[in-house]
There are 2 protein chains.
Amino acid sequence: MAQRKRQLVSNELTEAALQLLASNGFDAVTIDEIATAAGVSKRTFFRYFASKEDVVVQFLAGMGADMHTALAARPAGERPSAALRHTVGVPIATCADHSDRALRVVQLILRTPALHARFLERQAQWRDDLAAELAHRLGRDPGTDLYPRLAAGMALTAFDAVLHRWSGSDGAEDPDELIDRAFAVIAPALDAV
Amino acid sequence: MAQRKRQLVSNELTEAALQLLASNGFDAVTIDEIATAAGVSKRTFFRYFASKEDVVVQFLAGMGADMHTALAARPAGERPSAALRHTVGVPIATCADHSDRALRVVQLILRTPALHARFLERQAQWRDDLAAELAHRLGRDPGTDLYPRLAAGMALTAFDAVLHRWSGSDGAEDPDELIDRAFAVIAPALDAV
DNA sequence: TGACACCTTGACACCGAGTGACAGCAGGGG
DNA sequence: CCCCTGCTGTCACTCGGTGTCAAGGTGTCA
């Protein structure tokens, strides 16, 4: 009961925030306005989201965990380029599925410096997680070997480039094809011993 | 005359900020404290720096421009891996030269989420600049070709990994050797047609 | 049904980052 | 000597974010 109500209020808040921020710009909207639009108080907003950026970036919250589990689930002997391509494919597929909303959110993030910074911070966290998983997967020591961190960074660089192009083309370009082209570029480095 | 005084106040502010932030932590120091320590008012602080993060991150301000000009100065026929390795070598050399101060600043940035986010934002700007220069250099169209953005991203991934290791080892590891090892990993992708 | 505990909420006060406006104070040139 | 310019401190203000407290709804047990 209480859980469902919490989820309801959270959705209401996210809905109001996304609509207001996307149409008026990030800085022109105050948290009081978002909260009022959702029918709650400013104090309640901060009981659901840690910051103004959070209500937007949390939209991409599960992606990190999704990628980590996706990488862990790949067959053991698979080449790193293939494993990472499927890993990065997970959040991209999520975007493509909800392309209407995801596109608006991504464009808002990439165009707003404060949001972009938070997004990059989250990506850095993803990179650390993927690097740890890769090191474990390949039996490499992350303390002395640069490869895991570099490989995870390259995969996320590809992810970022694809996202950038996808948002720049207003969703016209096919994300899956873009990933394939990006991984064709970085694969030689990922698979070289 | 006025210019020299401006520079003097700016240095005073940076000095006070770096010392206070490094010893007390980013969140525990207010701008009033920094300004008072430098002998000016809070309002004057904001006439020199746009934000609390800025006073730390601006320490790395020139690096972006330095890398851009360094890349533009490389011989035309040089392989991308070699050109980018020298490009990334510039800010690393700057760090190594002022290793005492640079190390403290980098460690502060990597350990403080707000600073890390701003730093990543700045790196993203560098990547855009380097990608544009690379595209111009190689005669590629950045509108359709993913390579320039990916190559710049990989080079900065290497930069980031090196910085991380350098700061994690308290400056014990040799940055130049770390870059060489990192570029040995990513070079196959940079130089593949 | 009533009493109790628990959770959520709004109201209020508060702090710190950041900005706009204004007045005062230096120095440099006429 | 005066005026113009640039820098500065003060003040008042907005907004993001947090701690506290009292009030209201809900579920449980007797």
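Here is how names work: the chains are called A, B, and so on, in the same order as the sequence lines, proteins then strands, and each is numbered from 1.
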Sequence neighbours left out, cut at 3.5 Å: what donor-acceptor pairs do the side chains of residues 17-28 of chain A make with other protein atoms?
unit_1 : atom_1 : unit_2 : atom_2 : d
S23(A) : OG     : Q19(A) : O      : 2.8
S23(A) : OG     : L20(A) : O      : 3.3

### Task
Share the residues that join L120(A) in a hydrophobic cluster, the rule being Ile, Leu, Val, Met, Phe, Trp or Tyr side chains under 4.5 Å apart at the heavy-atom level.
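L120(A) shares its hydrophobic cluster with L120(B).
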
Between [N] ([atom2]) and [X] ([atom1]): distance, integer Å:
| X | N | atom1 | atom2 | result |
| --- | --- | --- | --- | --- |
| Q3(B) | dA26(C) | CD | C1' | 16 Å |
| I34(B) | dG16(C) | CD1 | C1' | 12 Å |
| R4(A) | dG27(D) | CZ | C1' | 15 Å |

Is any side-chain heavy atom of [X] less than 4.5 Å from a side-chain heavy atom of [Y]?
| X | Y | answer |
| --- | --- | --- |
| T94(B) | L60(B) | no |
| I31(A) | F46(A) | yes |
| F45(A) | D32(A) | no |

### Query
For nucleotides 8-18 of chain D, read 5' to 3', which letter fits each nucleotide if B means a protein heavy atom sits under 4.0 Å from the base, S means only the sugar-phosphate is that close, and - means neither?
BBB----SBBB

### Query
Hey, is the main chain of T14(B) close enough, under 3.5 Å, to the side chain of Y48(B) for a donor-acceptor pair?
no

### Message
Does the structure show a Watson-Crick or G-U wobble partner for dG27(D), both distances under 3.5 Å? Name it, or say none.
### Response
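Checking every strand shown, dG27(D) finds its partner in dC4(C), with both distances under 3.5 Å.
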
